[in-house]
Amino acid sequence: MTRETSKAIGYLRRRAILQVVAAGGLSAALPGCSPPGRGPPVPLGRTTQASVLGVPNERFFPFYGTEPLEAEFAAAADRLRRAQGLGPGAILPEVQLLAVSGGGENGAFGAGVLCGWSDYGNRPVFELVTGVSTGALTAPFAYLGSSYDSQLRAVYTELKASNVLETRGLTAAIFNDAMADNAPLFKTISIYLTDAMLTALGKAYEEGRLLLIGTSDLDAQTPVIWNIGAIAASGHPRALDTIRRILLASAAIPGAFPPTLFDVSVNGVRYQEMHVDGGAFAQAFLYPAGVTRQRRAHMEGGRQVVPARAFVIRNGRLDPDWAATERSTMGIASRAISTMIAASGINDVIRMYNATRRDGIDFNLAYIGSDFTQKLPAPFDQGYMRALFDYGYQRARRGYEWAKQPPVM
């Protein structure tokens, strides 16, 4: 997510800072205006009890323990064995894991890599796919396989700014919940995420494969991992709308786009949660450490474990993004924030690398190299996104040279 708050919405961010500074004067001039309302938040200590659809395994809260997620991984392995005609407890063939990071328009890179990988001819079926922010928009297509490449390509090469956002007026920073409205993005998501795709997501889940999407619960200040396949397979009448809203929430850059509100219930009492970009906690993830506890125990005891390969697509650069910094409050604050976001993304890659080394999983990394020099001239510029898609596509089409460790190690 190196550039989620960069050029695509940079002008919105700069205006937001100016408006916050001028808040007192604007508030006095517009006394009748007030921020949009919301329902009551889930009370303190009840976060893990709240449910959207009543599906027991619809989501997980890793800050509160990984046991439920561990159980979900074990159940998925059992379904995978059945789907492959293996007996209970049998060692599975090599499993394939994929993490797709955030990155705004840079999601075109990951889309290009996946499509080029398909055309090269050795792209695997992934047993686990995770996504955050723009990676959440890519992940369902990656999860369902190469037959969805045409839709994935269209999303990142035909998208325009008007398909993503609608800017708001001058007072949005004070009297609204974001500088832009992402209703156009929800419409775009809905065009691609259809009933047929919902059925395919549910079928893949029943076959033992997992699709996990990350969001951030602002009230509880906790990451949430949504079990998209389980929701799709639930048969709930609101499953499709809920998944669309989860993808929207994961890509809701705080301050730039509105949060997504989820109506939930706790013991029959209704509340409302506020979710934003999963990148507030992690710009990419594979699995919490607790999920591989048993795997590590088997390795330490000399027992055989399931062979696994992890692929991480970093929709961003891993080298410094040089820029002249204006000596002003806004210039310094803006540059510092973008630096923290870049450092967070690098740290996420290093964390996943260290986790896979610890767990005996083969690590593979793709990222935008310093040889891609084209600059983004305007939000969601098609020329930029098509060039970046082609950059990723051509490298994968020739056989991508996956990095075996982060270049900053």
Side-chain angles (χ1 to χ4, degrees), residues 56-57 60 62 65-100 114 117-118 120-131 139-140 142-147 200-214 225-233 284-313 349 351-366 399-400 402-405:
N57 58 341
F60 307 98
T66 60
E67 290 80 5
L69 196 52
E70 291 176 54
E72 183 65 23
F73 271 70
D78 289 340
R79 294 195 303 275
L80 190 59
R81 290 186 185 94
R82 290 196 297 270
Q84 297 186 6
L86 301 174
I91 296 295
L92 290 164
E94 185 176 71
V95 296
Q96 313 294 326
L97 319 177
L98 173 68
V100 189
L114 287 164
W117 197 357
S118 295
Y120 182 68
N122 69 342
R123 176 175 150 189
V125 173
F126 298 106
E127 280 72 37
L128 170 68
V129 178
T130 68
Y143 177 71
L144 292 178
S146 300
S147 62
L201 292 171
K203 182 175 183 293
Y205 175 79
E206 296 293 355
E207 293 172 350
R209 297 164 53 218
L210 295 175
L211 172 59
L212 305 177
I213 299 298
I225 297 176
W226 298 81
N227 195 358
I228 301 300
I231 296 172
F285 70 99
L286 276 169
Y287 50 80
V291 168
T292 52
R293 195 186 341 261
Q294 187 179 56
R295 180 184 182 90
R296 291 193 297 276
H298 285 181
M299 290 172 61
E300 291 169 2
R303 298 175 61 185
Q304 186 178 3
V305 296
V306 178
R309 291 191 300 168
F311 297 91
V312 176
I313 296 179
V349 171
R351 172 177 48 79
M352 289 184 285
Y353 170 70
N354 288 334
T356 55
R357 284 193 65 192
R358 175 199 65 203
D359 296 333
I361 297 173
D362 181 46
F363 179 84
N364 302 271
L365 172 67
Y400 199 93
W402 297 88
K404 304 307 291 185
Q405 68 177 39

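For clarity, every value in this text was computed on a predicted model and none was experimentally measured. Side chains are part of it too, since the values below use all heavy atoms of this structure and drop only hydrogens, waters and symmetry mates.
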Quick one: pull up [atom1] in [X] and [atom2] in [Y] and give me the separation to the nearest 0.5 Å.
{"X": "L128", "Y": "L98", "atom1": "CG", "atom2": "CG", "result": "8.0 Å"}
{"X": "L201", "Y": "I231", "atom1": "CG", "atom2": "CD1", "result": "10.5 Å"}
{"X": "I225", "Y": "I213", "atom1": "CD1", "atom2": "CD1", "result": "10.5 Å"}
{"X": "L210", "Y": "F73", "atom1": "CG", "atom2": "CZ", "result": "5.5 Å"}

Which pair of heavy atoms, one from [X] and one from [Y], lies closest together, and at what distance?
{"X": "G87", "Y": "R81", "value": "O-CD, 3.4 Å"}
{"X": "I91", "Y": "V305", "value": "CG2-O, 4.4 Å"}
{"X": "M352", "Y": "A284", "value": "CE-CB, 3.6 Å"}

Partners of R82 by side-chain contact (heavy atoms from CB on, under 4.5 Å), sequence neighbours excluded?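 Here the qualifying residues are D78, R79.
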Going by side-chain contact (heavy atoms from CB on, under 4.5 Å), name the residues that satisfy it together with N57, two or more places apart in sequence or in a different chain.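 Counting only residues at least two positions away or on another chain, N57 forms a side-chain contact (heavy atoms from CB on, under 4.5 Å) with V55, F60, E72, Y205, N227, A230.
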Centre-to-centre under 6.0 Å for W402 and F311, is that the case here? yes
Does a salt bridge link R296 with E300, judged by any charged N lying under 4.0 Å from a carboxylate O?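 Looking at E300 together with R296, the answer is no, because their closest N to O distance does not fall below 4.0 Å.
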Heavy atoms, side chains only, cut-off 4.5 Å: are Y287 and P62 in contact?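 No, too far: nothing below the 4.5 Å cut-off.
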Taking atom types as modelled, is there a side-chain donor on Y400 or N364 under 3.5 Å from an acceptor on the other?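 Result is no, nothing qualifies.
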Given R357, R309, K404, the one that forms salt bridge (charged side-chain N to carboxylate O under 4.0 Å, His left out) with D362: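 For D362, the salt bridge (charged side-chain N to carboxylate O under 4.0 Å, His left out) check succeeds only for K404.
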